[in-house]
Amino acid sequence: MATERRELQTQPEGQPVRRMERTRTRRVFTPKVDILETGDAVQVTADMPGVDEQSVHVTLEKNVLTLEGTVDWKEPGSHELLYSEYEVGDFYRAFTLSEAVDQNRIEAKVRNGVLTLTLPKAEPAKARQIQVQAG
Amino acid sequence: MAMGYRYGMWDPFDELERLQHDINRMFSTWPRSWRDTPPIRLYASNDELILIGEVPGVSPEDISVSVVGTTLTLSVKRAGYEPKEGESYHRRERETGQTARTVELPYHVEADKVEARVRRGMLQVRLPRAEAEKPRSIEVKTA
């Protein structure tokens, strides 16, 4: 019984990042993404219509890359909505990165409602010459 | 990830909430039929129609809007990137190519006064109502 309790206590620390409840009650969509691997980087492109660089948040924590975008949409004042094919909402998507990404050099750009992330591949550990001393 | 545990305590609703969350995510990317691309909304007032379309990643020169009678035709082109030698897609979900669709408007509009602009990947088209079709109130006099 004693071991069980210890396990319960250490679990919150060891848990991977879990999606917390949002304080806003907005609809949340999963944006469509393309993931392209080039020679020296991985490029993630996400469709987030309605966002700009101010309303997009990209965070990296414990190898989890999180993309969040908020959309600020105001309904036209005195117009009636006749026909709708989409809902307005925020965007959220998270990915687990491998060790092969250089997390310090990640770049993010937003243009025309599309977020483009460039994740450079980590350089392999350079070979080091080890001096051999006599003695 | 320990199923059923929240904040270190067993929570009977945790698994149900995860299930609901996963199902919501599944439905949010429900594939749309080709006729509904790009997705639009149509708003109307007595004097003006507003058409909004989701066109992420499309520049203004790749969008064409035309009106004939009460039919609006919207065509959008988005180029896809073809991987070169040594490149490959792990995932490819975004649509590319050319689509065209027509929308029936509830009334005639002044074609010369139609304005269209793109911002943050959203297209907004304002179509003022044709003068001849604006409702006029008629004064009723006693005979």
Side-chain angles (χ1 to χ4, degrees), chain A residues 5 7-19 21 27-39 42-53 55 71-73 75-89 91-93 95 110-116, chain B residues 1-2 5-10 17-18 21 24-26 28-29 32 36-60 80-81 83-96 103-106 118-124 126:
Chain A
R5 192 163 305 142
E7 268 183 35
L8 281 172
Q9 279 168 0
T10 55
Q11 239 165 40
E13 269 177 66
Q15 259 180 12
V17 173
R18 193 194 152 203
R19 171 100 180 273
E21 223 180 294
R27 186 91 184 259
V28 178
F29 295 103
T30 303
K32 290 191 178 173
V33 303
D34 289 343
I35 303 183
L36 173 74
E37 180 172 348
T38 65
V42 173
Q43 201 172 68
V44 177
T45 313
D47 275 350
M48 296 191 183
V51 308
D52 59 15
E53 63 278 2
S55 50
V71 173
D72 187 17
W73 168 252
E75 295 284 315
S78 46
H79 296 70
E80 188 193 338
L81 178 61
L82 292 187
Y83 177 61
S84 172
E85 285 174 350
Y86 65 84
E87 285 299 320
V88 179
F91 296 98
Y92 175 91
R93 195 150 183 185
F95 295 98
V110 176
R111 190 156 175 270
N112 289 340
V114 176
L115 169 66
T116 306
Chain B
M1 214 184 286
Y5 284 91
R6 197 208 301 262
Y7 313 125
M9 309 270 288
W10 181 69
E17 278 189 31
R18 286 173 199 253
H21 174 57
N24 284 344
R25 279 188 50 175
M26 193 167 74
S28 76
T29 54
R32 294 192 178 107
D36 294 347
T37 309
I40 58 160
R41 273 190 171 180
L42 187 62
Y43 292 89
S45 72
N46 280 333
D47 307 313
E48 180 189 51
L49 296 173
I50 301 182
L51 176 92
I52 318 259
E54 288 190 329
V55 290
V58 183
S59 0
Y81 176 79
K84 308 197 207 7
E85 187 74 40
E87 298 181 343
S88 65
Y89 275 104
H90 292 212
R91 244 188 239 254
R92 196 167 187 181
E93 297 170 357
R94 297 166 66 231
E95 295 115 351
T96 55
V103 181
E104 274 307 306
L105 305 174
V118 180
R119 190 167 162 255
R120 299 180 186 167
M122 304 282 288
L123 167 72
Q124 177 171 294
R126 296 191 100 109

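Every chain is numbered from 1, with letters handed out A, B, ... down the list of sequences.
- Interface residue B:E48: backbone and side-chain heavy atoms are both found under 4.5 Å from chain A.
- With sequence neighbours excluded, the residues that form a side-chain contact (heavy atoms from CB on, under 4.5 Å) with A:L82 are A:E80, B:L42, B:A44, B:P106.
- For the atom pair OH (A:Y83) and CG (B:L105), the distance works out to 13.0 Å, reported to the nearest 0.5 Å.
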Verdict with reasoning, B:R41 to A:V88, per side-chain contact (heavy atoms from CB on, under 4.5 Å): CA-CA 11 Å; B:R41 273 190 171 180; A:V88 179; 3.7 Å; yes
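- Under the 4.5 Å side-chain criterion, counting only non-hydrogen atoms from C-beta, A:V71 is not in contact with B:M122.
- When every heavy atom of A:L36 is checked against every heavy atom of B:P83, the shortest pair comes out as CD1-CB, 4.1 Å.
- Side chain of B:E93 to main chain of A:V33: a donor-acceptor pair is present (N/O by atom type, distance under 3.5 Å, no hydrogens or angles).
- Heavy atoms of B:V118 lying under 4.5 Å from chain A are absent altogether.
- Contact annotation for A:S55: neither backbone nor side-chain heavy atoms come within less than 4.5 Å of a heavy atom of chain B.
- Note: A:W73 CH2 to B:R120 CZ = 10.5 Å, rounded to the nearest 0.5 Å.
- Here the NZ-OG1 distance, from B:K84 to A:T38, works out to 9.0 Å after rounding to the nearest 0.5 Å.
- A salt bridge is absent between B:E54 and A:K32; no separation between the charged side-chain nitrogens and carboxylate oxygens falls under 4.0 Å.
- With a 4.5 Å cut-off on non-hydrogen atoms, B:I52 touches chain A through its backbone and its side chain both.
- Considering all non-hydrogen atoms of both residues, A:V114 and B:P56 come closest at CG2-C, 3.7 Å.
- The candidate from B:R92, B:E87, B:R91 with the greatest count of non-hydrogen atom pairs under 4.5 Å with chain A is B:R91.
- Considering every non-hydrogen atom in both B:Y43 and A:H79, the closest pair reads CB-CB, 3.8 Å.
- Using a distance-only test at 3.5 Å, with no hydrogens or angles considered, a donor-acceptor pair links the side chain of A:D34 to the main chain of B:R94.
- Options A:G89, A:P76, A:S78 differ in how many heavy-atom pairs under 4.5 Å they form with chain B, and the most are formed by A:P76.
- Among residues two or more places apart in sequence or in another chain, the salt bridge (charged side-chain N to carboxylate O under 4.0 Å, His left out) test is passed with B:D47 by none.
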